[in-house]
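These notes concern the structure reproduced below.
Predicted model, so just to flag it, every value in this text is computed and none were measured. Order of appearance sets the numbers: ligands from 1, and atoms from 1 within every ligand. FYI, the numbering just counts along the sequence from 1.
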Amino acid sequence: MEIYAESLTEYKRLATLEVKVGDLLLGDFNPIRIQTMTTTDTMDTIATVEQSIKCIEAGSELIRITAPSKNEAENLLNIKTELRKRGYNIPIVADIHFTPNAAEIAARIVEKVRVNPGNYVDKKKFELLEYSDAEYMEEIERIRYRFTPLVKICKEYGTAMRIGTNHGSLSDRIMSRYGDTPIGMVESAMEFLRIAESENYYNIVLSMKSSNPQVMVQAYRLLIQNMHAELKHCYPLHLGVTEAGDGEDGRIKSAIGIGTLLEDGIGDTIRVSLTEDPELEIPVCRNIVKRYSQPPQTPPKEGLAKTQSRVNEFEDSLENKKANSATNERKFELAESSKSLSKGEGFRERQPYSPFEYKRRETFEVNNIGAKHVPVVIADLHKIDKIKPEDLEAIGYTYDIVTDKWNISDLAADYIFTADQLIDFDLPGTLKIICYYNLWLASADKEKYFPIFDEQQYLDDNISKSFVTNFVMLDCYSEGYPEIDLEKIILKLRQDKTSVICLSSTNKNSVQSIRRMFIDLSQQEVKNPIVIITDGTNESMDENLIHYAVEAGALLLDGFGDGICLGHRFAEKKVTTDYKLLNSIAFGILQASRTRISKTEYISCPSCGRTLFDLQETTSRIRAVTNHLKGVKIAIMGCIVNGPGEMADADFGYVGSGPGKITLYKGKEIVKRAVSEDVAVSELINLIKENEAWVEP
Ligand code: SF4
């Protein structure tokens with residue numbers, strides 16, 4: 001195993017234990033399960049049942065319902081009974097924060113409980129306290145005391161459990177020792193996992209969610225590495241990006257985070273959290289999971305027998321350990337293991353990049369590509385018969401006849417690919433053209449037009465090259481394609497400071513193929529900038545959006561890529577390309593991977609039974625007045641119980657704190673309490689202005 005995945009250069013699913021949630025099996029090469037969460041009041045049995053049915057009929061295989069207190073936990077029985085009466089036997093998951101009592105009731109009723117280790121026992125105070133080793137162990141013992149009863153109930157009733165860590169709600173204890181980091185998230189889950197295993201309870205799923213896909217991906221990878229190192233087995237993983245927001249941005253963010261891990265073969269169930277009706281999350285999940293429905297390599301399925309034998313092996317080793325060690329020694333072991341969590345050290349010796357921390361691949365600069373430049377966006381316009389000034393509106397440039405000037409938006413593409421077409425009007429100064437060699441030869445302006453070569457043309461010394469910028473297309477190990485002479489190309493690229501490499505692959509799982517080329521080029525010290533070319537071949541743009549986000553996003557999160565170009569190659573001529581949408585998706589991918597910030601970032605919760613206002617309507621009102629604030633992160637959260645913790649790295653927060661009341665935050669600090677909902681959006685704007693983050697639209 002490559003430290004956290006079966007392989008980094010071909011698609012292979014990670015082996016995990018198998019978990020039983022009611023009649024549904026999770027992990028151990030079972031299909032990747034799809035799930036969502038209701039947004040109704042849990043005390044409203046019929047509304048919750050009806051919303052659950054909508055989700056089930058859309059394809060959800062598990063339904064999560066919030067249980068903030070004992071009353072809601074008890075009402076899960078009515079919901080379950082009504083669902084079963086109506087013929088729906090889907091497993092129900094109770095979502096628990098802060099209330100062990102509610103968890104212990106729910107665990108006797110539903111098929112699975114989700115606990116958040118950051119707040120199951122601890123109250124989040126945002127205090128950075130210093131803990132001595134003895135104090136730290138005292139806290140762990142306190143958790144053991146409060147958490148063990150739930151484990152015992154789950155064991156007795158055959159209830160599954162998710163230990164669901166969130167980046168934004170780590171306990172003060174974890175924060176004091178590990179900070180707000182992926183490794184802190186891992187340890188937060190490991191503390192609970194060790195307690196569960198000490199009770200011989202293994203029906204567990206884990207998650208490591210964050211609203212930042214970079215943090216989320218790193219945390220899952222570290223968790224797997226640590227489970228393998230410490231436990232010698234791996235639990236099934238529930239994947240999700242929290243507070244992803246809504247619309248296109250929410251879908252892109254989710255697809256990048258979830259898809260990057262699924263490409264690694266990681267993930268056994270997924271939830272896409274959108275600030276929309278929960279049934280709308282399901283088609284997005286399906287489009288993501290579809291990509292892995294027939295994995296090329298599926299190890300032989302041994303099912304429960306395998307899980308049981310792994311667990312038996314583990315229990316034997318645990319029994320031996322117990323027999324040989326006094327309680328104090330065990331405490332010492334736990335303390336030591338919590339200190340020595342692996343942070344992925346050693347990986348770099350074998351690979352030229354780290355999957356556990358973001359570091360952009362080192363390159364030199366060619367024109368405005370590579371080195372310190374943000375990744376560029378190349379718009380592929382070659383299918384437009386004759387490109388006119390108005391065609392550039394879709395890619396961020398609007399020509400104003402009165403002033404005879406181009407207005408350039410924050411989402412303006414940097415290059416256009418025209419293939420064989422010369423442009424017969426004056427282009428905006430910042431926009432450059434990539435075209436085929438013969439056209440480049442014929443073009444008068446060699447500062448504006450740059451040639452793109454295939455591998456043969458690039459190696460042919462009789463073909464002249466630009467002194468400024470060249471683009472070289474390289475296929476990455478596509479099946480059925482003739483092999484390229486990589487050795488010769490590498491030798492030439494190493495001497496060539498004018499060429500940008502464009503990588504693509506037609507393989508089903510092209511992320512692995514392109515990653516393999518990145519690794520091969522990096523190991524050979526090739527430092528030319530690289531553009532990732534991703535073509536969508538689906539008729540539906542919803543599916544293409546997921547495809548682009550996963551294929552380009554997964555590479556960008558690992559620090560690969562100095563630009564992206566999204567193409568649409570649908571065979572049917574009648575399908576026209578929506579260039580505006582493609583351009584917007586390209587910038588959305590760069591924003592979600594945090595490699596180029598060009599718009600406002602919204603961190604909005606999906607809402608649930610705790611929500612205190614209409615989240616969808618409020619999010620769109622806030623978006624309408626703030627969407628010109630490039631780079632500002634605004635959180636819109638439904639409740640004060642979880643909202644402040646979950647909004648992690650937002651600059652400003654709008655959080656429901658009571659019926660009709662909003663609390664406003666600057667970072668994690670409360671600035672205005674109990675603001676009436678009627679004026680809360682204008683008060684938010686005032687707050688942004690007071691902090692000099694406002695610009696006029
Ligand atoms: S932050 Fe939103 S989704 Fe999370 S518990 Fe509160 S209302 Fe529910």
Side-chain angles (χ1 to χ4, degrees), residues 35-44 47-48 51-52 55 63-69 71-73 76 93-99 102-103 106 113-120 122-124 126 162 164-170 207 209-212 216 238 240-246 250 253-254 271-281 602-620 622 633-650 652-665 668 670 677 680:
Q35 57 175 297
T36 185
M37 183 168 174
T38 54
T39 58
T40 47
D41 178 352
T42 308
M43 294 310 290
D44 188 339
T48 305
Q51 192 177 58
S52 301
C55 298
I63 293 287
R64 184 153 50 109
I65 301 172
T66 189
S69 74
N71 289 347
E72 285 86 354
L76 290 172
V93 187
D95 196 60
I96 307 290
H97 296 269
F98 298 106
T99 44
V113 285
R114 178 269 169 127
V115 296
N116 178 343
N119 59 28
Y120 190 73
D122 301 271
K123 294 270 179 288
K124 182 90 187 125
F126 300 116
R162 170 157 66 100
T165 304
N166 277 11
H167 180 216
S169 51
L170 297 175
S207 64
K209 296 194 187 181
S210 167
S211 65
N212 178 342
M216 172 245 182
H238 164 127
V241 176
T242 47
E243 286 79 39
D246 59 355
K253 223 187 215 188
S254 297
R271 191 244 169 144
V272 167
S273 303
L274 297 177
T275 310
E276 296 179 24
D277 293 342
E279 65 273 18
L280 299 181
E281 295 174 357
Y602 297 95
I603 299 162
S604 57
C605 81
S607 88
C608 73
R610 290 181 190 262
T611 311
L612 292 163
F613 55 87
D614 184 337
L615 243 155
Q616 292 181 32
E617 193 264 338
T618 308
T619 302
S620 67
I622 293 176
K633 297 192 207 103
I634 301 175
I636 305 139
M637 310 299 285
C639 75
I640 198 105
V641 186
N642 280 327
E646 303 293 349
M647 62 200 197
D649 58 354
F652 300 97
Y654 179 107
V655 180
S657 50
K661 297 289 177 216
I662 304 299
T663 293
L664 297 177
Y665 285 74
K668 288 192 159 80
I670 294 181
E677 207 186 329

Nearest heavy-atom approach of Ala67 to Leu76 is CB-CD1, 4.3 Å

Problem set entry | Sub-4.5 Å side-chain heavy-atom contact between Val655 and Phe613 | no

Heavy atoms of Asn642 and Cys639 approach each other most closely as N-SG, 3.5 Å

inquiry  = Please check: side-chain N/O of Ser620 versus main-chain N/O of Glu617, any donor-acceptor pairing under 3.5 Å?
reply    = yes

Note, atom 6 (Fe) of ligand 1 has protein N, O or S atoms under 2.8 Å numbering 1

Per side-chain hydrogen bond (donor to acceptor under 3.5 Å, both in side chains), Ser207 is matched among Arg114, His238, Arg162 by Arg162

Only one of Thr36, Thr39, Asp44, Asp277 passes side-chain hydrogen bond (donor to acceptor under 3.5 Å, both in side chains) with Gln51, and that residue is Thr39

